[in-house]
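Keep in mind that the numbers below use all heavy atoms, side chains included, and drop hydrogens, waters and symmetry copies.
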Number of protein chains: 2
Amino acid sequence: MVRAGLSAERLTRAGAELADEVGFDQVTVSALARRFDVKVASLYSHLKNSHDLKTRIALFALEELADRVSAALAGRAGKDALAAFADAYRDYAREHPGRYTAARFRLDPETAASSAGVRHAQMTRAILRGYDLGEPDQTHAVRMLGSVFHGYVSLEASGGFSHTAVDPQESWSWIVDSLDALLRNRTTP
Amino acid sequence: MVRAGLSAERLTRAGAELADEVGFDQVTVSALARRFDVKVASLYSHLKNSHDLKTRIALFALEELADRVSAALAGRAGKDALAAFADAYRDYAREHPGRYTAARFRLDPETAASSAGVRHAQMTRAILRGYDLGEPDQTHAVRMLGSVFHGYVSLEASGGFSHTAVDPQESWSWIVDSLDALLRNRTTP
DNA sequence: GGCATTTGCCTAAAAGTCTTAGGCATGCGC
DNA sequence: GCGCATGCCTAAGACTTTTAGGCAAATGCC
């Protein structure tokens with residue numbers, strides 16, 4: 001009997017692809033086993049359980065997204081950086097809806113602390129360097145940016161913007177412009 | 001044998017309570033049956049299936065939230081209305097996390113069209129009346145407000161703000177202030 | 001009040017998922 | 001070429017969803 005050559009890494013990648021195809025919530029140990037044409041129980045040599053699988057996919061997605069954002073940010077500052085950051089997020093969510101959802105999977109604190117989530121936080125703060133904000137304004141701004149971008153992407157993904165004829169891309173640009181203006185005016189020298 | 005007195009309405013309400021206790025995703029036909037101390041199959045006289053249950057809870061939550069927002073908005077305008085709107089959303093999400101999640105459950109288009117979702121859209125536009133925005137700016141602003149509020153509430157709920165010592169209430173006020181300023185400056189007379 | 005009908009909750013059962021336990025064979029290290 | 005660790009398997013129990021069919025309680029009609 002030929003072995004399938006499973007591993008936690010391969011399963012995680014396949015799980016990420018599966019998430020993009022059918023949605024992160026529908027990623028199941030059974031579905032993954034079917035995809036590799038092995039019995040379900042075989043996966044338990046590589047994964048602790050279903051939650052472990054989701055955690056691994058989440059960490060994978062966080063890493064991938066952080067890499068993208070980091071690349072987008074390279075050599076940019078100010079509004080240019082803000083727009084690149086925003087687009088990197090939105091593009092990733094549109095290309096990989098399942099992985100984007102996975103990246104929002106709630107991790108336990110220790111796992112989160114050693115995840116690429118901290119890079120995300122650092123990069124968000126890096127963008128604000130162009131706007132001269134002191135504390136606690138910078139923290140408020142970090143939270144606002146995170147909220148707008150995540151909120152927009154998530155509403156767009158769930159079809160919340162399909163009732164109006166206005167192009168979502170236009171709204172996106174309008175919002176990024178607005179945030180830039182807002183942050184410039186909020187400068188606390 | 002005494003009958004339990006089930007009905008779609010009672011099941012929906014109990015489902016909403018269950019959602020707040022264990023999370024909307026964990027609301028299952030089985031768990032609901034246990035709560036009423038009846039056999040699982042009995043619920044199928046009142047519900048089409050599991051998806052039907054979730055849809056009913058979603059519609060219930062949308063309605064309840066719309067009522068709250070509507071009450072909060074009564075007699076207010078301008079920034080006052082914006083803040084009341086924002087707080088109504090956030091407070092509901094904090095008091096009823098499961099129902100808030102339910103309200104974001106993706107409904108099929110016809111169901112959505114006849115849901116309280118349209119009231120939400122109307123109320124959001126009503127708030128912007130205080131800011132003299134023309135089209136398409138008004139649509140952009142509707143999307144931005146929806147994104148910020150939903151994004152903030154959802155990040156706060158998933159513990160995204162617990163790493164910093166800054167009080168989430170302060171960030172919230174800062175954001176509402178910022179949005180008010182932003183919309184006033186964006187006025188297109 | 002007595003009777004027929006509707007309705008509500010039940011048992012039974014099939015299919016799918018998660019997870020653990022234990023077994024056999026494959027393929028690597030020596 | 002041999003031993004052993006590992007990888008994938010079968011088996012099995014617990015839980016969820018859903019359908020089918022049955023009995024009894026509630027409802028309505030006379």
L6(A) CG to dT26(C) P, in whole Å, measures 16 Å
Which parts of residues 14-22 of chain B get close to DNA chain C, meaning a heavy atom less than 4.0 angstrom away? none
Using the ring of each side chain (for Trp, its six-membered ring), is F24(B) parallel, tilted or perpendicular to F105(B), with breaks at 30° and 60°? perpendicular
Pairwise distance CZ(R143(B)) to CG(L155(A)) - rounded to 0.5 angstrom: 10.0 Å
Round to the nearest Å and state the distance from L43(A) atom CG to dA21(C) atom P. 17 Å
Return the nearest nucleotide to the side chain of S42(B); candidates are dC10(C), dT17(D), dT17(C). dC10(C)
Partner set under side chain to side chain contact (heavy atoms under 4.5 Å, CB included) for R68(A), not counting sequence neighbours: Y92(A), E95(A), H96(A)
Please check if the distance between the ring centroids of W172(B) and F161(B) is under 6.0 Å. no
Residue pair D108(B) / T111(B), side-chain donor-acceptor N/O under 3.5 Å: yes
Interface with DNA chain D, restricted to residues 45-59 of chain B and to heavy atoms under 4.0 Å: N49(B), S50(B)
Could you state whether F60(A) and L65(A) fall into the same hydrophobic cluster, counting links through intermediate Ile, Leu, Val, Met, Phe, Trp or Tyr residues with side-chain heavy atoms under 4.5 angstrom apart? no
Side-chain heavy atoms under 4.5 angstrom apart, residues restricted to Ile, Leu, Val, Met, Phe, Trp, Tyr: same cluster for V22(B) and Y100(B)? no
I need the CZ-C1' distance between R10(A) and dC8(D), as an integer number of Å. 14 Å
So, the side chain of S173(A) versus the backbone of Q169(A): is there a donor-acceptor pair under 3.5 Å, distance only? yes
Round to the nearest Å and state the distance from F36(B) atom CZ to dG8(C) atom C1'. 14 Å
Is it true that D52(A) and T55(A) share a donor-acceptor pair across their side chains at a distance under 3.5 Å? no
Protein-nucleotide distance (Y44(B), atom OH; dT18(D), atom P), rounded to Å: 4 Å
Identify whether any heavy atom of A41(B) sits under 4.0 Å from a base atom; if not, whether one sits that close to sugar-phosphate; answer base, sugar-phosphate or nothing. base
Respond yes when some side-chain nitrogen or oxygen of R34(A) is under 4.0 Å from OP1 or OP2 of dT17(C), and no when none is. yes
Using whole Å, what does the distance between atom C1' of nucleotide dT19(D) and atom NZ of K39(B) come to? 17 Å
Can you tell me how far P of dC18(C) sits from CG of L11(A), to the nearest Å? 13 Å
